Amino acid sequence: PDELAQAMLDDGLALLQMGDHMSSRAELGELISYCPEYPEGYNQRAFAAFLQGDYAAALADLDIAIALQPVHLGALTGKVLTLIALERRDEAQDVLRAALAINPWLSERALFDKPDGTNI
């Protein structure tokens with residue numbers, strides 16, 4: 001949304017790339033406090049939480065990102081993977097269907113259940 005928000009996002013992503021998930025989450029939390037209507041802040045903080053295995057926190061942030069931007073494919077596919085990690089496969093399938101309705105070429109389409117019940 002502005003240069004400060006972009007700098008905060010860049011800093012959070014740099015920390016994430018360095019593997020400092022805790023600091024990344026803190027930086028992205030500051031971004032969210034500064035710009036609470038910016039879905040990418042929530043999406044990236046969810047990714048950091050996911051990498052830490054904090055799936056409940058990731059899911060909460062992904063739900064906010066999707067509420068702010070319903071066609072956010074990164075948040076939708078992140079939610080699919082988070083729901084799978086939480087062993088909530090039926091819900092993951094529903095979210096995956098929504099993502100594939102937006103972009104049928106997503107690589108995550110391979111997670112979709114086949115008629116024989118394999119995958120996801």
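For the numbers below, each heavy atom of this structure counts, side chains included, while hydrogens, waters and symmetry mates do not. These numbers were taken from a predicted model, which means no experiment stands behind them. Nothing fancy with the numbering, it's 1 onward along the sequence.
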Hey, does [Y] have a side-chain heavy atom less than 4.5 Å from the side chain of [X]?
X   : Y   : result
K79 : L83 : yes
L76 : H72 : no
L16 : L51 : yes

Identify the heavy atoms of [X] and [Y] that sit nearest to each other, and give their distance.
X   : Y   : value
L86 : Y55 : CD2-CB, 3.6 Å
A49 : R25 : CB-CZ, 3.6 Å
I66 : A75 : CG1-CB, 3.7 Å

Same cluster or not: [X] versus [Y], using hydrophobic residues (I, L, V, M, F, W, Y) connected whenever any side-chain heavy atoms lie under 4.5 Å apart?
X   : Y   : value
I64 : F50 : no
L4  : L15 : no
L62 : V71 : no

Quiz question: by atom type and distance under 3.5 Å, do the side chains of [X] and [Y] form a donor-acceptor pair?
X   : Y   : answer
D10 : Q6  : yes
D90 : Q93 : no
Y38 : D2  : no

State whether the side chain of T77 and the backbone N or O of L73 hold a donor-acceptor pair below 3.5 Å, judged by distance alone.
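Flag set: sc T77 to bb L73 pair under 3.5 Å.
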
Would you say S24's side chain and G12's backbone share a donor-acceptor pair under 3.5 angstrom?
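Present.
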
How many angstroms lie between [atom1] in [X] and [atom2] in [Y], if you round to the nearest 0.5 Å?
X   : Y   : atom1 : atom2 : value
M8  : E30 : CE    : CD    : 5.0 Å
L59 : L81 : CG    : CG    : 12.0 Å
D54 : D61 : CG    : CG    : 9.5 Å
L13 : F47 : CG    : CZ    : 9.5 Å
D11 : S23 : CG    : OG    : 11.0 Å

From CA spacing to verdict: side chain to side chain contact (heavy atoms under 4.5 Å, CB included), I84, E91
CA-CA 9 Å; I84 291 170; E91 290 174 71; over 6 Å; no

Stepwise, does the side chain to side chain contact (heavy atoms under 4.5 Å, CB included) test hold for Y42 with I32?
CA-CA 7 Å; Y42 295 98; I32 289 166; 3.3 Å; yes

L31 and E27: side chain to side chain contact (heavy atoms under 4.5 Å, CB included), yes or no, with the steps?
CA-CA 6 Å; L31 168 59; E27 181 68 25; over 6 Å; no

Test log, rule side chain to side chain contact (heavy atoms under 4.5 Å, CB included), inputs Q69 and E40:
CA-CA 9 Å; Q69 187 177 358; E40 194 58 24; 6.0 Å; no

